[in-house]
Amino acid sequence: MLIHETPSPNHDARPDDAAPAQIILHYTGMRSGAEAIARLRDPASRVSSHYVVEEDGGIFRLVPEARRAWHAGASFWRGETMLNARSIGIEIVNPGHEWGYRPFPEPQIAAVADLCRDIIARHRIAARDILGHSDVAPTRKQDPGEFFPWAAMAAQGIGLWPDRVPGIDAAPVPDGLAQAAALLDAIGYDIATVEAALTAFQLRFRPERVNGAPDTGTLLRLGAVATLYADG
């Protein structure tokens, strides 16, 4: 796996030398990869990531994994906050919802998968700790979005996916929001704003219907995912 060294000055020490325990996947949300890399290397921006993966599959390392990159911002997962301290951030080049969101090319996804497998093996990161930015910041972020192939990634051992659990049924559930809140909390989401957490869940685990509604299909997927996360 060829990695291009493209250092950014935007990093600092991990608190108490905390070891990486999560991978957080982002999309760049800018018009080009070059523009995104320039911003991630600009001292004035105060943002960075450990890696950037271009649409052609090129991988760029901006920050050493031993250092804290500034990619997640205010964040929460399974009781932990400020996840930059213990995570590795991967920015995936895509214009995002603001600039013309589109499916991720196969060479890019193959490179992301190779990179994730390498990181997982070196740091022994659990499948339930492979996350999207929207998972850890649901009121602020929606990346990597509904086009990211989480099911295909899980089939390669990267993250979790509830196989053969239908999610199409849009029948309303009278107490659906309360049921959803309990399941989202069990998975690890910040449920301070339940609707936002539910939308983040759908972006990842129910991309065929992202509407923030706690309907039958969503609750089926939520239950299945909660079981997967309980099992680790």
Side-chain angles (χ1 to χ4, degrees), residues 18 20-27 71-89 97 116 120 124-232:
Q22 297 139 347
I23 296 173
I24 300 178
L25 303 179
H26 310 251
Y27 64 42
H71 58 97
S75 48
F76 176 97
W77 188 252
R78 299 183 66 81
E80 292 185 44
T81 59
M82 305 306 292
L83 299 179
N84 285 343
R86 298 195 65 206
S87 65
I88 292 174
H97 293 84
C116 284
I120 289 166
R124 303 181 68 180
I125 294 175
R128 70 183 181 188
D129 290 318
I130 313 300
L131 307 167
H133 201 183
S134 55
D135 292 322
V136 303
T139 61
R140 300 188 299 112
K141 298 295 180 178
Q142 53 186 333
D143 56 309
E146 66 273 20
F147 289 154
F148 189 76
W150 285 106
M153 296 289 278
Q156 300 181 63
I158 303 162
L160 297 171
W161 185 264
D163 287 328
R164 296 181 295 279
V165 179
I168 296 296
D169 191 343
V173 178
D175 62 342
L177 200 60
Q179 290 186 46
L183 291 166
L184 289 163
D185 185 49
I187 293 167
Y189 286 90
D190 180 354
I191 59 168
T193 306
V194 177
E195 293 86 350
L198 185 58
T199 300
F201 173 87
Q202 291 175 328
L203 282 166
R204 176 166 177 181
F205 291 108
R206 200 209 185 192
E208 61 268 52
R209 190 182 292 272
V210 181
N211 58 6
D215 53 35
T216 299
T218 296
L219 290 172
L220 283 170
R221 288 269 173 89
L222 271 166
V225 172
T227 298
L228 284 175
Y229 273 71
D231 293 340

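Only this structure's heavy atoms are used, side chains among them; waters, hydrogens and symmetry mates stay out.
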To the nearest 0.5 Å, what is the distance between [atom1] ([X]) and [atom2] ([Y])?
{"X": "Leu177", "Y": "Ile191", "atom1": "CG", "atom2": "CD1", "result": "9.5 Å"}
{"X": "Ile23", "Y": "Ser87", "atom1": "CD1", "atom2": "OG", "result": "9.5 Å"}
{"X": "Tyr229", "Y": "Leu160", "atom1": "OH", "atom2": "CG", "result": "5.0 Å"}
{"X": "Leu222", "Y": "Leu198", "atom1": "CG", "atom2": "CG", "result": "6.0 Å"}
{"X": "Thr139", "Y": "Phe76", "atom1": "OG1", "atom2": "CZ", "result": "12.5 Å"}
{"X": "Ile158", "Y": "Ile125", "atom1": "CD1", "atom2": "CD1", "result": "11.5 Å"}

Using every non-hydrogen atom in the two residues, find where [X] and [Y] come nearest and quote the distance to one decimal.
{"X": "Ala180", "Y": "Pro214", "result": "CB-CB, 4.2 Å"}
{"X": "Ala137", "Y": "Ala74", "result": "CB-O, 3.8 Å"}
{"X": "Arg209", "Y": "Ile168", "result": "NE-O, 3.6 Å"}

A side-chain contact here means heavy atoms from C-beta on lying under 4.5 Å apart; do [X] and [Y] qualify?
{"X": "Gln22", "Y": "Ile130", "answer": "no"}
{"X": "Pro144", "Y": "Trp150", "answer": "yes"}
{"X": "Thr199", "Y": "Pro138", "answer": "no"}

(request) Tell me, with the steps shown, if Tyr27 and His97 meet side chain to side chain contact (heavy atoms under 4.5 Å, CB included). (result) CA-CA 10 Å; Tyr27 64 42; His97 293 84; 2.7 Å; yes
(message) According to salt bridge (charged side-chain N to carboxylate O under 4.0 Å, His left out), who are the partners of Arg221, at least two apart in sequence or on a separate chain?
(response) Glu208
Taking only residues two or more places apart in sequence or in another chain, which ones pass ring pair (Phe, Tyr, Trp, His ring centres under 6.0 Å) with [X]?
{"X": "Tyr189", "answer": "Trp77"}
{"X": "His133", "answer": "His26"}
{"X": "Phe205", "answer": "Trp161, Phe201"}

Could you tell me whether a side-chain N or O of [X] sits under 3.5 Å from a main-chain N or O of [Y], the two making a donor and an acceptor?
{"X": "Gln179", "Y": "Leu219", "value": "no"}
{"X": "Arg86", "Y": "Ala21", "value": "no"}
{"X": "Ser75", "Y": "Gly73", "value": "yes"}
{"X": "Thr216", "Y": "Asp169", "value": "no"}

(message) Does anything in residues 151-166 form a salt bridge (Lys or Arg N to Asp or Glu O under 4.0 Å)? List the pairs, not counting sequence neighbours.
(response) none
(request) Can you run down the salt bridge (Lys or Arg N to Asp or Glu O under 4.0 Å) pairs that involve residues 132-160, sequence neighbours left out, and say none if there aren't any? (result)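 Checked against salt bridge (Lys or Arg N to Asp or Glu O under 4.0 Å) - neighbours excluded - the pairs reaching residues 132-160 are Asp135-Arg204.
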(message) Checking side chain to side chain contact (heavy atoms under 4.5 Å, CB included) between His71 and each of Leu83, Ile24, Ile88, which is the one that passes?
(response) Ile24
(message) If you apply the rule side chain to side chain contact (heavy atoms under 4.5 Å, CB included), what do you find for Phe147 with Leu203, and how did you get there?
(response) CA-CA 8 Å; Phe147 289 154; Leu203 282 166; over 6 Å; no
(request) Please report the C-alpha distance between Arg206 and Asp215 in whole Å, then the side-chain angles of each, then the deciding distance to 0.1 Å, and finally whether the salt bridge (Lys or Arg N to Asp or Glu O under 4.0 Å) criterion is met. (result) CA-CA 11 Å; Arg206 200 209 185 192; Asp215 53 35; 3.0 Å; yes
(request) Might you work through the side chain to side chain contact (heavy atoms under 4.5 Å, CB included) test for Val225 and Val165, ending with a clear yes or no? (result) CA-CA 10 Å; Val225 172; Val165 179; over 6 Å; no
